[in-house]
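In what follows, a structure is listed as structure tokens, so that the remarks can point back to it.
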Amino acid sequence: MKSDKIDLDCWNSWTEKSSDEKFDRIGQGIGKGEYKLGAEFDVEPEGQNSSTHDLYVMNEKWEIKKLDDNDNSFRLGVKISASYLNIKIKVLNCFNALSKIQDQLVSGIIKEKINKIINSANSKHGRSEKSIIDGLYTNEVSGSNFDKLDELIEELKEITHNIEKEITFRNIQEIELYSSYDGKKIIYSTIDAFRKINLEKISKEKKINLFGDSEFFNKIYIYSELFEDLKLFKDTTFKKKLNKITRDVFNDVRLILVDKQKGFWPVSNIENIYCYRITHGGPRVRVKNL
DNA sequence: CTGTTACTACGGCAGATGAG
DNA sequence: CTCATCTGCCGTAGTAACAG
């Protein structure tokens with residue numbers, strides 16, 4: 001193979017050109033395979049001189065990743081931590097909020113659904129040795145917990161979506177109540193009206209009656225706790241969101257996988273990489289069709 | 001100065017379980 | 001049984017920053 005020609009989405013073998021470079025040679029901010037790959041293309045690894053890429057080859061910025069010999073995965077740098085933390089916080093907010101109001105919900109179908117979801121989040125799935133919630137707090141979400149969490153988020157989205165439809169159907173997007181400030185009548189959103197009434201020192205029965213029935217009381221309660229945080233997953237999913245922040249790392253940078261024996265694998269379509277679990281505080285990534 | 005700790009790059013691997 | 005996968009938990013090198 002000539003070093004000025006590379007094949008995408010397959011292993012390009014190491015050639016004579018890099019035979020003098022050891023794959024395992026590392027340096028400051030320079031990972032395995034970078035010197036060897038650099039030798040193939042007569043370039044030096046950027047290392048500390050560049051925070052955006054490892055090699056500059058054929059007018060492209062290259063980001064080099066060595067796959068884990070164990071399971072063909074790789075991890076990302078700390079740059080992605082902020083993006084992941086934002087997602088994690090929203091997810092934890094949802095479950096914390098549900099746990100807090102759990103006891104205040106009135107028995108019924110919707111409460112049972114929420115109970116199941118909370119229990120599932122506090123359970124281990126697949127081969128996991130810790131629950132989803134524990135995993136989120138310890139920054140270690142296993143593959144099966146990761147899959148299950150995605151399902152749970154979708155269930156919560158479905159629930160809040162149906163509540164939204166019901167609010168619209170009942171035509172109570174706005175409710176008129178007396179102001180706590182000056183006693184005058186003011187129009188409040190459903191959520192604000194609920195929160196206002198829920199603070200009143202009146203019996204639960206009276207509160208429920210104001211919203212029609214206990215099931216609808218539950219629904220608005222749940223909705224008021226979740227809708228803000230679930231906005232992050234509007235028109236997307238937990239997994240898709242993780243995939244997006246993972247792929248965004250490679251905007252304007254070509255991902256090149258390296259392997260001691262097999263050579264190097266340039267990834268043509270970044271959609272071929274996906275996040276499948278969280279380790280050490282960030283996404284762990286795999287490549288399709290490897 | 002020197003010695004030490006902190007920080008930021010970079011992945012690694014042991015043990016258990018499940019598939020065949 | 002053997003082998004691959006899954007899960008959880010860490011490690012190392014090089015340099016900068018700081019204490020004395």
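The sequence lines fix the lettering, A, B, ..., with proteins before strands; numbering per chain opens at 1.
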- Mapping R286(A) and E140(A) onto DNA chain C by nearest heavy atom, which one lands closer to the 5' end? R286(A)

Can you tell me if the side-chain N/O atoms of [X] get under 4.0 Å from OP1 or OP2 in [N]?
| X | N | value |
| --- | --- | --- |
| T279(A) | dT7(C) | no |
| K79(A) | dT8(B) | no |
| K124(A) | dT7(C) | no |

- Would you indicate whether K113(A), at its atom NZ, is surrounded by more than 12 heavy atoms from other residues, nucleotides or ligands within a distance under 6.0 Å? no

Going by modelled atom types, is there a donor-acceptor pair between the base of [N] and the side chain of [X] at under 3.5 Å?
| X | N | answer |
| --- | --- | --- |
| D69(A) | dC13(B) | no |
| R127(A) | dT7(C) | no |
| R75(A) | dG8(C) | no |

Give the rounded distance in Å between these two atoms: [atom1] of [X] and [atom2] of [N].
| X | N | atom1 | atom2 | result |
| --- | --- | --- | --- | --- |
| H125(A) | dG18(B) | NE2 | C1' | 19 Å |
| W62(A) | dC10(B) | CH2 | C1' | 20 Å |
| E46(A) | dG14(C) | CD | P | 20 Å |
| I64(A) | dG11(B) | CD1 | C1' | 15 Å |
| L76(A) | dA9(B) | CG | P | 13 Å |
| L257(A) | dG11(B) | CG | P | 11 Å |
| F74(A) | dC13(B) | CZ | P | 18 Å |
| R25(A) | dT12(C) | CZ | P | 21 Å |

- Item | Residue met sooner reading DNA chain B from 5', once V78(A) and N70(A) are mapped to nucleotides | V78(A)

- Is D134(A) salt-bridged to K124(A), going by a charged N under 4.0 Å from an acidic O? no

- Are Y223(A) and F216(A) close enough that their ring centres sit under 6.0 Å apart? no

